[in-house]
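Below, each value reflects all heavy atoms present in this structure, side chains not excepted, and no hydrogens, waters or symmetry copies. As the structure is a computational prediction, the values presented were derived from the model and not from experiment.
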Amino acid sequence: MAMTKPCSRYTPHGDCPALPEGQQLDYSLSSPLDPSAPLCKHTVPYDTPVETWKAGQEITVEFDSDGGAAHGGGHCQFSVSYDGGKTFVVVHEELKYCFVNGPTTSNTPQVLSYKFNLPQDLPSSEKAVFAWSWVNAMGNREFYMNCADVAIEGTADSYTGKEIVIANHDGYDTIPEFHGDYDTGLDLYNSTSQITVTGSGSSDASESPGSDECSS
């Protein structure tokens, strides 16, 4: 699966800004992150935001329907970073059945877009990073993540919410294959720390967990 709206960094799909100097289109954005890759995979932002959103507005996030594998669903989060992708605060979650309508062993996605409202009290930033991340329900233990460069218009000084869950990635917890139990890994999502972000790019986050395996 790959996020196509908002325009992911270096995606070959959609009407996106010109690539940053020295960068190339990425035709493998639907693949999981390499376990040692940095968050977002691509760390050089576009020169201009691909979307301008207002705090509190409804947004639509869309995914590529060509060749995407749903891997039985799983846990998705949608997050925002104000410090260039170092830390992310969650603004929406689709846990257990992301891309599907319920328990399934199918690889065919049943849901390819999500609509939700951004929090009313997000601060402003011309250089925010919006991220979609996903831990798949079945198959190899993988972590998927695409990022988009966006501008956010808000009036709050700071926003406090859940810190993003990173799993199945070097130095972080492993969430095992679900084997039909869609509560697998939810203890990690329910116990994550709170993080406070500001429009100036500062953040206050506790240390992320890094044990070897999350209980099912």
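- Judged purely by atom type and a 3.5 angstrom limit, Trp132 has no side-chain atom pairing as donor or acceptor with the backbone of Ala2.
- A donor-acceptor pair is defined here as one N or O able to donate and one able to accept, closer than 3.5 Å; no such pair exists between the side chain of Gln23 and the backbone of Pro20.
- With values rounded to the nearest 0.5 angstrom, Ile175 atom CD1 is found 8.5 Å from Leu186 atom CG.
- The aromatic rings of Tyr10 and His42 sit tilted relative to each other, their planes meeting at an angle between 30° and 60°.
- Rounding to the nearest 0.5 Å gives a distance of 4.5 Å between CD1 of Ile195 and CD of Glu163.
- The shortest heavy-atom contact between Ala18 and Tyr46 is O-CD2, 3.4 Å.
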Any chance you could lay out the side chain to side chain contact (heavy atoms under 4.5 Å, CB included) test for Thr104 and Phe99, step after step, and finish with the verdict? CA-CA 11 Å; Thr104 181; Phe99 302 123; over 6 Å; no

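- A 4.5 Å side-chain heavy-atom check between Thr184 and His179 finds every atom pair outside the cut-off.
- The cluster map of Ile, Leu, Val, Met, Phe, Trp and Tyr, joined by side-chain heavy atoms under 4.5 Å apart, puts Leu112 and Leu29 in different clusters.
- For the pair Pro119 and Val91, the minimum side-chain heavy-atom distance is below 4.5 Å.
- Asn136 and Trp134 make their closest contact through CA-NE1, 3.7 Å (heavy atoms, listed as atom of the first residue, atom of the second, distance).
- The side-chain heavy atoms of Val111 and Val100, taken from C-beta on, include no pair separated by under 4.5 Å.
- Residues Val129 and Phe88 are in side-chain contact: their nearest non-hydrogen atoms beyond the backbone lie under 4.5 Å apart.
- Two residues are said to be in side-chain contact when any heavy atoms from C-beta on lie closer than 4.5 Å; Phe78 and Ile59 fail this criterion.
- Linking ILVMFWY residues whenever their side-chain heavy atoms come closer than 4.5 Å, directly or via other members, places Leu95 and Tyr182 in the same cluster.
- For the pair Tyr114 and Glu94, the minimum side-chain heavy-atom distance is below 4.5 Å.
- For the pair Lys54 and Leu118, the tightest heavy-atom approach, listed with the atom from each and the gap, is O-CD1, 3.8 Å.
- The line from CG of Asp26 to OG1 of Thr11 is 8.0 Å long, rounded to the nearest 0.5 Å.
- Here Arg141 contributes atom CZ and Asp173 contributes atom CG; the two are 13.0 Å apart, rounded to the nearest 0.5 Å.
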Let me see the working for Ile164 and Met145 under side chain to side chain contact (heavy atoms under 4.5 Å, CB included), right down to the final yes or no. CA-CA 11 Å; Ile164 187 176; Met145 188 177 192; 4.0 Å; yes

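- Counting all heavy atoms, side chain and backbone alike, Pro12 lies closest to Tyr27 at CB-CE2, 3.5 Å.
- Below 30°, between 30° and 60°, or above 60°: for His169 and Phe143 the angle between ring planes is between 30° and 60°, a tilted geometry.
- The shortest heavy-atom contact between Asn117 and Gly56 is ND2-O, 3.0 Å.
- Rounding to the nearest 0.5 Å gives a distance of 11.0 Å between OH of Tyr159 and CD1 of Ile152.
- A continuous path of hydrophobic side-chain contacts links Leu19 to Met3 [ILVMFWY only; heavy atoms under 4.5 Å].
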For Ile166 and Leu39: C-alpha separation, side-chain torsions, deciding distance, then whether side chain to side chain contact (heavy atoms under 4.5 Å, CB included) applies. CA-CA 9 Å; Ile166 303 167; Leu39 297 183; 3.6 Å; yes

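- The main-chain N or O of Thr87 is found under 3.5 Å from a side-chain atom of Ser81 such that the two form a donor-acceptor pair.
- Within 6.0 Å of CG in Asp34 there are more than 12 heavy atoms belonging to other residues, nucleotides or ligands.
- What you find for Trp53 and Pro6 is that their closest heavy atoms are CH2-CG, 3.8 Å.
- Applying the side-chain contact (heavy atoms from CB on, under 4.5 Å) criterion to Thr48, with sequence neighbours excluded, gives Pro17.
- Within the 4.5 Å cutoff, the side chain of Gln194 has heavy atoms near those of the Lys162 side chain.
- Note on residues 15-66: pairs passing disulfide (SG to SG under 2.5 Å), not counting sequence neighbours, are Cys7-Cys16, Cys40-Cys147.
- For Lys41 and Ser8, the side-chain atoms include no donor-acceptor pair closer than 3.5 Å.
- The distance from atom OG of Ser30 to atom CZ of Phe63, rounded to the nearest 0.5 Å, is 12.5 Å.
- Although no hydrogens or angles enter the test, the distance criterion places no donor-acceptor pair under 3.5 Å between the side chain of Asp187 and the main chain of Ser191.
- Side-chain atoms of Ser124 come within 3.5 Å of backbone atoms of Gly154 as a donor-acceptor pair (strictly under, hydrogens ignored).
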Show the numbers, then the answer: is there a side chain to side chain contact (heavy atoms under 4.5 Å, CB included) between His71 and Glu142? CA-CA 10 Å; His71 293 292; Glu142 298 166 334; 4.3 Å; yes

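- With respect to Val150, the side chain to side chain contact (heavy atoms under 4.5 Å, CB included) criterion is satisfied by exactly one of Lys127, Glu126, Glu51: Glu51.
- Aromatic ring centres of His75 and Tyr189: separated by under 6.0 Å.
- Annotation: side chain of Val135 is not in contact with side chain of Gln77 (no heavy-atom distance under 4.5 Å).
- For Glu58, the CD atom sits in a packed shell: over 12 heavy atoms of surrounding residues, nucleotides or ligands are nearer than 6.0 Å.
- Proximity of a side-chain donor or acceptor of Glu177 to a complementary backbone N or O of Gly139 within less than 3.5 Å is detected.
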